[in-house]
Amino acid sequence: MSAALLSSISLVPPPVPNGEPEPVQMPVIDFSKLQQTDGSRLAVIRDVETACREIGCFQVINHGISKSVMERALSAANDFFKSPAQSKAEFMSPDITKPVRYDCSNEGINKSRSYLKHYAHPLEEWIKFWPREPPSYRIKMGQYAVEIRRVALCLMHAILQSLGLGQAYLGTKLEEGIQLLAVNSYPQSTQPGVTLGLAPHSDYGFITILLPSCPGLEVMDPKTKVWMSVQQPADTLHVHIGDHLEALSNGKYRTVVHRAALHSENSRVSIASIHGLAMNEKVRSAEELVDEQNPVMYKESSFRDFLDFLPSKETKNKSYIDSLRIDAAE
Ligand SMILES: O=C(O)CCC(=O)C(=O)O
Ligand SMILES: [Fe+2]
């Protein structure tokens with residue numbers, strides 16, 4: 001895969017604010033039961049189906065990633081953002097084809113977010129481009145990247161099964177797919193009225209797995225359009241659906257509109273691991289989910305198409321998923 005624009009998100013027009021969002025506990029998926037072959041796995045697949053259909057998010061427990069691997073990744077993220085401006089500046093570039101990009105401009109949807117984005121799979125191909133400062137960044141983030149990808153692949157198999165497609169539906173395409181890490185940093189909220197770190201958007205891929213240092217993620221209830229403040233117990237992983245899973249599922253599962261709020265007590269870091277197909281691999285609505293009542297609702301598209309969409313004029317008026325939706329009148 002060639003290096004390309006490091007972006008993973010598509011802009012969504014801001015919804016009407018609805019005051020302080022209520023803390024909400026997301027559905028919980030016991031990952032260890034997905035490893036079983038008896039009825040336990042099927043029961044969890046049903047939970048996955050309900051969570052994906054109703055809210056588009058769930059949290060994963062018993063995923064097998066140790067507390068220390070997660071803490072070390074968050075500390076590497078933290079240390080990177082605290083490293084001298086000069087070492088971060090190395091990754092700032094208007095060249096959007098760089099394999100690693102750092103941005104602290106707070107432009108567009110990055111209301112007060114600084115971020116480092118880099119590819120993570122295959123690790124040996126990308127790790128040499130990752131920051132050298134702090135010196136432990138590569139080892140700590142690399143270990144997390146490998147472990148989170150193992151979890152992501154199992155979850156994708158479970159999600160494909162929950163759609164009735166069978167866990168092997170995508171064959172080797174998932175193994176060959178992309179993994180992009182968005183390592184985010186948000187300041188403590190000190191200015192009254194400045195409460196957003198990252199504006200509402202959805203992620204482009206199949207799924208995003210989020211590990212934050214503290215609460216701050218908010219997701220929009222797909223039915224009521226009300227914002228919910230995501231509660232994430234320590235050691236759990238938050239998973240949400242992205243644009244390409246909405247397209248693959250022909251709209252059975254919907255992409256999740258989310259944003260990040262600032263904290264009044266502390267600054268925050270988060271690591272979003274985004275998983276999708278390879279750069280030029282097209283995602284299509286599964287034929288098995290198409291019939292007379294459910295015609296194809298999405299145009300086929302690849303990660304490359306998403307990257308081409310971002311700088312286009314269309315981006316101003318439409319989110320990426322909207323650009324894929326086939327208008328019934330067309
Ligand atoms: O930091 C968060 O809670 C959300 C991050 C996010 O949405 C992203 O990186 O795409
Ligand atoms: Fe996101």
Side-chain angles (χ1 to χ4, degrees), residues 5-15 21 23-24 26 55-59 70 73-74 77-78 80-81 100-120 141 144-145 148 152 178-189 195-220 222 227-234 236-246 254-263 266-276 303 306-307 310 315 319-321:
L5 166 64
L6 276 167
S7 196
S8 53
I9 54 185
S10 62
L11 181 60
V12 171
V24 175
M26 296 290 145
I55 191 165
C57 308
F58 52 85
Q59 286 178 355
M70 301 203 296
L74 287 171
N78 215 15
F80 169 78
F81 290 108
V100 183
R101 275 186 73 216
Y102 169 69
D103 187 351
C104 61
S105 62
N106 291 345
E107 279 168 5
I109 65 168
N110 303 302
K111 298 291 175 205
S112 37
R113 171 179 82 147
S114 303
Y115 65 83
L116 178 74
K117 283 189 184 178
H118 51 62
Y119 294 112
M141 200 58 80
Y144 177 73
I148 203 73
I178 222 167
Q179 178 185 16
L180 176 62
L181 291 186
V183 183
N184 305 307
S185 166
Y186 307 93
Q188 182 180 2
S189 165
T195 53
L196 264 198
L198 181 57
H201 66 281
S202 61
D203 297 344
Y204 97 91
F206 283 150
I207 54 171
T208 297
I209 306 187
L210 189 81
L211 175 67
S213 62
C214 61
L217 177 69
E218 297 179 354
V219 301
M220 193 196 269
W227 286 104
M228 301 175 289
S229 169
V230 173
Q231 300 306 292
Q232 187 168 352
T236 65
L237 297 165
H238 171 90
V239 179
H240 60 231
I241 286 173
D243 297 348
H244 270 163
L245 189 55
E246 175 167 334
R254 295 289 173 137
T255 195
V256 172
V257 178
H258 57 284
R259 65 185 188 184
L262 299 182
H263 238 263
N266 43 267
S267 58
R268 174 172 181 264
V269 288
S270 71
I271 306 169
S273 186
I274 293 146
H275 303 266
F303 184 37
F306 168 68
L307 298 176
L310 281 182
T315 322
S319 64
Y320 177 56
I321 191 68

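Source: prediction; values computed, not measured. First listed ligand is number 1; within each ligand, the first listed atom is number 1.
At a heavy-atom cutoff of 4.0 Å, ligand 1 is contacted by the side chain of Leu210 but not by its backbone. Of all the heavy atoms of Tyr115, none lies under 4.0 Å from any atom of ligand 1, so neither backbone nor side chain is involved. Here Ile274 has no heavy atoms under 4.0 Å from ligand 1, in either its backbone or its side chain.
Counted by atom type alone, Thr255 and Asp243 present one or more donor-acceptor pairs between their side chains at under 3.5 Å. A donor and an acceptor atom, one from each side chain of Thr236 and His238, are nowhere located under 3.5 Å apart. A side-chain N or O of Asp103 and one of Tyr115 form a donor-acceptor pair less than 3.5 Å apart.
Contact check for Phe81 versus Ser267: no side-chain heavy atoms found under the 4.5 Å cut-off. Side chains of Val269 and Asn184 form no contact here, defined as non-hydrogen atoms less than 4.5 Å apart.
Contact analysis leaves Arg259 out of contact with ligand 1, as no non-hydrogen atom separation drops below 4.0 angstrom.
Those atoms of ligand 1 with a heavy atom of Tyr186 less than 4.0 angstrom away are 1 (O), 2 (C), 4 (C), 5 (C). The distance from ligand 1 to the heavy atoms of Ala272 drops below 4.0 Å at these ligand atoms: 9 (O). Near His258, with a cut-off below 4.0 Å to any heavy atom, the atoms of ligand 1 are 7 (O). Those atoms of ligand 1 with a heavy atom of Asp203 less than 4.0 angstrom away are 10 (O). For ligand 1, the atoms closer than 4.0 angstrom to any heavy atom of Ala182 are 9 (O). Taking a cut-off of under 4.0 Å to the non-hydrogen atoms of Ser270, the atoms of ligand 1 that pass are 1 (O), 2 (C).
Applying the side chain to side chain contact (heavy atoms under 4.5 Å, CB included) test between Val219 and each of Cys57, Pro200, Ser229 identifies Cys57 as the sole match.
Considering backbone and side-chain atoms alike, Arg268 places an N or O below 3.5 Å from some N or O of ligand 1.
With hydrogens and angles disregarded, a donor-acceptor distance shorter than 3.5 Å links the side chain of His263 to the backbone of Pro215.
Rounding to 10°, one obtains 90° for the angle at the Fe ion (ligand 2) between NE2 (His258) and OD1 (Asp203).
Partners of His244 under the ring-ring contact (aromatic ring centres under 6.0 Å, His included) rule, at least two apart in sequence or in another chain, are Tyr204, Tyr320.
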